[in-house]
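Structure, as structure tokens:
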Protein chains: 2
Amino acid sequence: MNILEKIKNELDTFSKSERKVAEVILSSPNTVIHSSIAALAKQANISEPTVNRFCRRLDTKGYPDFKLHLAQSLANGTPYVNRHVDENDTAEEYTSKIFESTMANLELARKSLDPTSINRSVDVLTQANKLSFFGLGASAIVARDAQNKFFRFNVPVICFDDILMQRMSAINSRQGDVVVVISHTGRTKSLVEVATLAKENDATVIGITTKDTPLAKECSIVLSVDVSEDTDLYMPMASRIAQLALIDVLATGFTLRRGSKFRDNLKKVKDSLRSSRFDRKD
Amino acid sequence: MNILEKIKNELDTFSKSERKVAEVILSSPNTVIHSSIAALAKQANISEPTVNRFCRRLDTKGYPDFKLHLAQSLANGTPYVNRHVDENDTAEEYTSKIFESTMANLELARKSLDPTSINRSVDVLTQANKLSFFGLGASAIVARDAQNKFFRFNVPVICFDDILMQRMSAINSRQGDVVVVISHTGRTKSLVEVATLAKENDATVIGITTKDTPLAKECSIVLSVDVSEDTDLYMPMASRIAQLALIDVLATGFTLRRGSKFRDNLKKVKDSLRSSRFDRKD
DNA sequence: AGAAAAATGAAATTTTATTTCATAATTATG
DNA sequence: CATAATTATGAAATAAAATTTCATTTTTCT
């Protein structure tokens, strides 16, 4: 996490002297990265060891390491993650905040993904007789997007965002079928049931969800996508975008596994759309 | 200027020993920022003063200052956009590449958005009698997502991904209606026609598309979302994610415009979903 | 109020970076 | 192609910066 943010967040857990250092740093971080520990200590009217302890408290190895982190925070321009949208933000401000928090959450999501599980998922997907993608609400669109992608691969793929159709489909699944269940919370009852049904009918169940949730427990493979929840303003935002990026990863893994001839095919699918479009002049 | 770039540029003006240092730095900059001058000197098989001179040559005050610059270069992220997925990539590699290029493209998209147009769009959206979102293919899911969001605001909102329904809907639109047409290419014939029909029937047409396209020309307001095309592997990837982030921006703008009471309402909508979910233990 | 715990800073120590200066390598010149 | 001039380099010395130790002060908890 961005160290400037971290300082802001932990401001009230600091001791009196530590807060003095924090204030100096926050008020002019750009000066600090060019100061020695002695200069900073003097500026904050505290001793050098206190500055050093302050740095360690923030999980850095010491003052020079702390400066490195600080420099990186500053380089990123405006610090990312928990920049919350504010009542009085201009269009430019909230646009930036939303994009930045989306990017930060993608970074989080990437870190939370386990390459081994992705690899296994790609294995299973490439070998499937039939693919099903199920989601509800915001995750329904992720399922649809997956359908749109995998359909191009010329494999049997279905997608439902209707509880009953999902159940029927799950009950009719069999060995060799792959069911991908998408739910950020992992707690949507009907989806958990669908996962259970599919599993009982010998389908391989891949869950795109948060780890350690009821849904995760029902899945053969869990692809956990962590995002920082509190950036969502009462509606799914970063979560569905991270899920879509994961769909891209799975689709890419799929095409890589299938080899280069297969990719020529994809080009054909894309080219087939050409007649529906206006030509480019350039 | 980015110091890593600078090192690359000036590589041939360096002396033999300096080049050794440069190579070590370029090959693993992330290790270097955590190394002492002694460690780096040893790694490059040259003496400490040489490292120091190398730093000064690059207009830094000395080794620690150089590390600061280096840290900042690294923080800006290697300009990832063009990191293409390769045939032999491991799951971890292509996952990182896809996430990184998605992030880079979000950054591009953000820069291409015009705050004024966003503001006008939010204006228009908050005052609309009826909202319609139209898209096809990958953009259809963006339209659905928008519907899912705006529906929570308790405004009349429709969404079609069927050409005929879109046309009928456009023909029936009237003054005070807002039609949002989504197409990355901006060249999908039927969508351009829908935009034209809607405009002819006095609806306000907002286009989420690339600027200077046939679709853009038909719109009252263009929200241009630029992404680097060549990251898409024969299927829409970054483009739809950037569009979704834009939907988040519009939805956020909408809620801000409507004030705080309105946001309590959103919470209610979210809470209404609770009974469909398994409880959290924590 | 008074003991225990935590926070703080002065001084000593250690680590790290820089300067100085002698030597080696390279380049230019007759 | 020798040799002077220039430039590059590293060993050792010095300087600077950071960290540790430990005694003192402040805070917190009975």
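By convention in this document, chain letters (A, B, ...) are assigned in the order of the sequence lines, proteins followed by strands, and residues within each chain are numbered from 1.
- Between B:K20 atom NZ and D:dG10 atom P the separation is 7 Å, expressed in whole Å.
- Proximity of B:S15 to the phosphate of D:dA8: no side-chain N or O atom is located under 4.0 Å from OP1 or OP2.
- Contact check, B:S36 against C:dT15: no side-chain N or O comes under 4.0 Å of OP1 or OP2.
- The pair A:R257-A:D123 counts as a salt bridge, with a side-chain nitrogen and a carboxylate oxygen less than 4.0 angstrom apart.
- Separating the CZ atom of A:R57 from the P atom of C:dA7 is a distance of 7 Å, rounded to the nearest angstrom.
- Side chains of A:D59 and A:H69 form no contact here, defined as non-hydrogen atoms less than 4.5 Å apart.
- Distance OH (A:Y63) to C1' (D:dT20): 18 Å, rounded to an integer number of Å.
- In terms of phosphate contacts, B:T50 brings no side-chain nitrogen or oxygen within less than 4.0 Å of OP1 or OP2 of D:dT9.
- Atom CZ of A:F14 and atom P of C:dA7 are 12 Å apart (whole Å).
- The distance from atom CG of B:D65 to atom P of C:dT18 is 9 Å, rounded to the nearest whole Å.
- Phosphate contact (OP1/OP2 of D:dT9, side-chain N/O of B:S17, threshold under 4.0 Å): present.
- The 5' end of DNA chain C is approached more closely, in terms of each residue's nearest nucleotide, by A:P49 than by the other of A:P49 and B:G62.
- Contacts of A:R56 with the nucleic acid, taken as non-hydrogen atoms under 4.0 Å apart, involve only primed sugar atoms and P, OP1 or OP2.
- Of all nucleotides listed (D:dA18, C:dA17, C:dG9), C:dG9 comes nearest to the side chain of A:S47.
- A close approach under 4.0 Å does not occur between any side-chain nitrogen or oxygen of A:K61 and OP1 or OP2 of D:dA18.
- By the 4.0 Å N-to-carboxylate-O rule, B:R53 lies too far from B:E18 to be salt-bridged with it.
- Between A:L215 and A:T188 there is no side-chain heavy-atom pair separated by less than 4.5 Å.
- If you measure from atom NE2 of A:H34 to atom P of D:dA17, you get 14 Å, rounded to the nearest angstrom.
- Between A:N52 atom CG and C:dT8 atom C1' the separation is 13 Å, expressed in whole Å.
- One can place CD1 of B:I46 at 11 Å from P of D:dA11, the figure rounded to the nearest angstrom.
- Residue order along DNA chain C, read from the 5' end via each residue's closest nucleotide, puts B:K67 first among B:R53 and B:K67.
- For the residue pair A:K20 and A:A44, the shortest heavy atom distance occurs at CD-O, 3.3 Å.
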